[in-house]
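Notes for the one structure printed next.
Throughout, a chain's letter reflects where its sequence line sits, starting with A, and its residues are numbered from 1.
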There are 2 protein chains.
Amino acid sequence: MSRYPKPSVTVDIVVFSIFDDHLKVLLIKRGRPPFEGRWALPGGFVEIDESLETAARRELAEETGLRITTLEQVHTFGDPGRDPRGRTISVVYCGLVQADQVSPKAASDAATVSWFSAFRPPALAFDHQQIIRCAIERLRQKLEWTTVGYELLPRRFTLAQFQRVYEIILQKPVDKRRFRRKILAQGELVEGGRARVPGSNRATKHYSFRRPHA
Amino acid sequence: MSRYPKPSVTVDIVVFSIFDDHLKVLLIKRGRPPFEGRWALPGGFVEIDESLETAARRELAEETGLRITTLEQVHTFGDPGRDPRGRTISVVYCGLVQADQVSPKAASDAATVSWFSAFRPPALAFDHQQIIRCAIERLRQKLEWTTVGYELLPRRFTLAQFQRVYEIILQKPVDKRRFRRKILAQGELVEGGRARVPGSNRATKHYSFRRPHA
DNA sequence: ACAAAAGTGTTGAGAGTACACCCATGC
DNA sequence: GCATGGGTGTACTCTCAACACTTTTGT
């Protein structure tokens with residue numbers, strides 16, 4: 001086809017989770033140059049016969065042991081110079097997981113996979129800092145007009161937990177009463193009985209999402 | 001870098017305009033296989049040292065003679081099989097132009113550049129039909145929470161023209177009074193005196209956008 | 001008793017919706 | 001004088017924002 005030199009094509013995956021009361025992003029420690037020893041987003045080269053989303057899923061599984069169901073394309077980054085090895089364009093996907101679905105130990109090398117604060121990540125390889133910022137922006141926009149949380153919460157959860165998800169992502173307080181009204185009015189939650197929550201002295205209603213999937 | 005075969009990387013550009021009371025999209029007729037003689041979006045291979053957006057601008061200018069200021073990345077399409085020549089991923093950009101900014105005659109071959117209905121384009125090469133649908137979807141979403149029209153309207157225009165832009169893109173009628181209130185409340189328009197409009201029998205207020213750009 | 005989280009309603013403001021008539025002018 | 005598009009206001013509903021107290025129970 002084109003006789004010109006081709007750029008390389010990669011996928012990078014921004015996986016968010018929420019635990020320890022913070023928005024976290026999953027990073028791996030690079031084992032080879034460039035940026036050896038630096039933290040980076042999981043990702044890698046797209047195989048010649050797989051779709052972009054498949055590539056993202058595969059790379060994520062290979063590098064972190066994480067199998068994720070819902071990935072969403074965010075943006076494509078392709079500035080010359082973003083990769084010192086040569087021209088590389090990266091298609092970025094974003095996914096959400098519930099904290100305890102993750103077993104970084106399943107990855108090839110557990111020590112190289114870890115969660116970090118999404119808002120204040122460590123020094124990152126390539127333009128990955130910018131990519132994360134872009135993904136956060138998208139996630140926030142999505143909160144405005146959709147119910148986000150299905151992938152982030154356990155099967156049964158309290159409204160307080162749900163609300164906290166919003167507060168953590170938006171980084172601003174949310175009115176309790178309005179939040180409950182709005183969410184319940186959506187009709188996507190179904191009551192699931194009461195239970196104790198550690199730290200509370202009162203039984204709390206639990207809920208789950210009506211639809212088993214997405 | 002990667003010793004595996006690399007996909008080719010292209011950009012495709014969806015340029016919308018409005019005239020003859022329809023949403024139009026700019027297409028070129030392919031001069032060589034595959035899909036020789038079929039209509040397609042302007043676009044082409046990304047050079048090894050130019051940014052994606054630059055590539056989009058360049059290809060658009062080369063193939064249509066159109067120089068456009070604001071391009072927005074929409075999505076990246078990369079399914080294997082979308083290009084019979086071999087694996088190709090395409091980063092899609094979208095732009096808006098005012099009808100009379102366009103002079104297809106400036107292109108290398110005028111006969112091969114033309115405007116078509118965006119909603120009912122002719123049979124297209126590759127997955128370009130799907131790409132156009134995706135771009136329309138994005139444009140509509142953008143209408144919901146932003147004022148779109150700066151690039152589509154002449155410097156001075158009437159509110160009726162502006163409203164028509166919305167109706168044509170959304171494909172549904174818009175209430176005249178609400179539209180005027182909403183737009184004027186935004187404070188982004190500035191009055192520009194009255195003038196006659198052909199087809200009307202009364203002088204009409206004209207407006208322009210406050211900010212010269214963006 | 002008290003600390004800690006759960007749960008609950010009302011009010012006011014602004015935005016969206018629906019809707020119909022007079023105005024100025026060219027013909 | 002009539003046909004054509006230009007221009008305007010009101011009433012209703014709904015959604016969003018702001019706001020504080022009572023309940024339950026473990027310690």
Please state whether the base of [N] and the side chain of [X] form at least one donor-acceptor pair under 3.5 Å?
{"X": "Arg178(A)", "N": "dC16(D)", "answer": "no"}
{"X": "Arg202(B)", "N": "dA24(C)", "answer": "no"}
{"X": "Arg180(A)", "N": "dG9(C)", "answer": "no"}
{"X": "Lys176(B)", "N": "dG7(D)", "answer": "yes"}

To the nearest angstrom, how far is [X] atom [atom1] from [N] atom [atom2]?
{"X": "Arg196(B)", "N": "dG6(D)", "atom1": "CZ", "atom2": "P", "answer": "13 Å"}
{"X": "Leu184(B)", "N": "dG16(C)", "atom1": "CG", "atom2": "P", "answer": "14 Å"}
{"X": "Gln163(B)", "N": "dG5(D)", "atom1": "CD", "atom2": "P", "answer": "14 Å"}
{"X": "Gln186(B)", "N": "dA15(C)", "atom1": "CD", "atom2": "C1'", "answer": "12 Å"}
{"X": "Gln161(A)", "N": "dA6(C)", "atom1": "CD", "atom2": "P", "answer": "9 Å"}
{"X": "Phe179(A)", "N": "dA18(D)", "atom1": "CZ", "atom2": "C1'", "answer": "18 Å"}
{"X": "Leu159(B)", "N": "dG5(D)", "atom1": "CG", "atom2": "P", "answer": "17 Å"}
{"X": "Phe162(B)", "N": "dG5(D)", "atom1": "CZ", "atom2": "P", "answer": "21 Å"}

Looking at the side chain of [X], which of [options] is the nearest nucleotide?
{"X": "Thr204(B)", "options": "dG26(C), dG6(D), dG9(D)", "result": "dG6(D)"}
{"X": "Arg177(B)", "options": "dA24(C), dT8(D), dG26(C)", "result": "dT8(D)"}
{"X": "Asn201(A)", "options": "dG26(D), dG7(D), dG6(D)", "result": "dG26(D)"}

* For Ala160(B), which contact category applies under a 4.0 Å heavy-atom criterion: base, sugar-phosphate, or nothing? -> sugar-phosphate
* Asked: Between the side chains of Gln186(B) and Thr147(B), does any donor sit under 3.5 Å from an acceptor?
  -> yes
* side-chain hydrogen bond (donor to acceptor under 3.5 Å, both in side chains) between Thr88(B) and Ser8(B): does it pass, once the steps are laid out? -> CA-CA 5 Å; Thr88(B) 304; Ser8(B) 298; 4.6 Å; no
* Asked: Can you tell me how far OG1 of Thr146(A) sits from CD of Glu188(A), rounded to the nearest 0.5 angstrom?
  -> 9.0 Å
* **Point-to-point distance, once rounded to the nearest 0.5 Å, from CD1 of Ile169(A) to CG of Leu96(A)** => 7.0 Å
* To do: On DNA chain C, check which nucleotide each of Val197(A) and Asp175(A) is closest to and give me the residue with the more 5' one.
  => Val197(A)
* Structure fact -> Assert: residue with more 5' nearest nucleotide on DNA chain C, out of Ser200(A) and Arg181(A), is Ser200(A)
* **Electrostatic pair Glu137(A)-Arg133(A), nearest N-O below 4.0 angstrom** => no
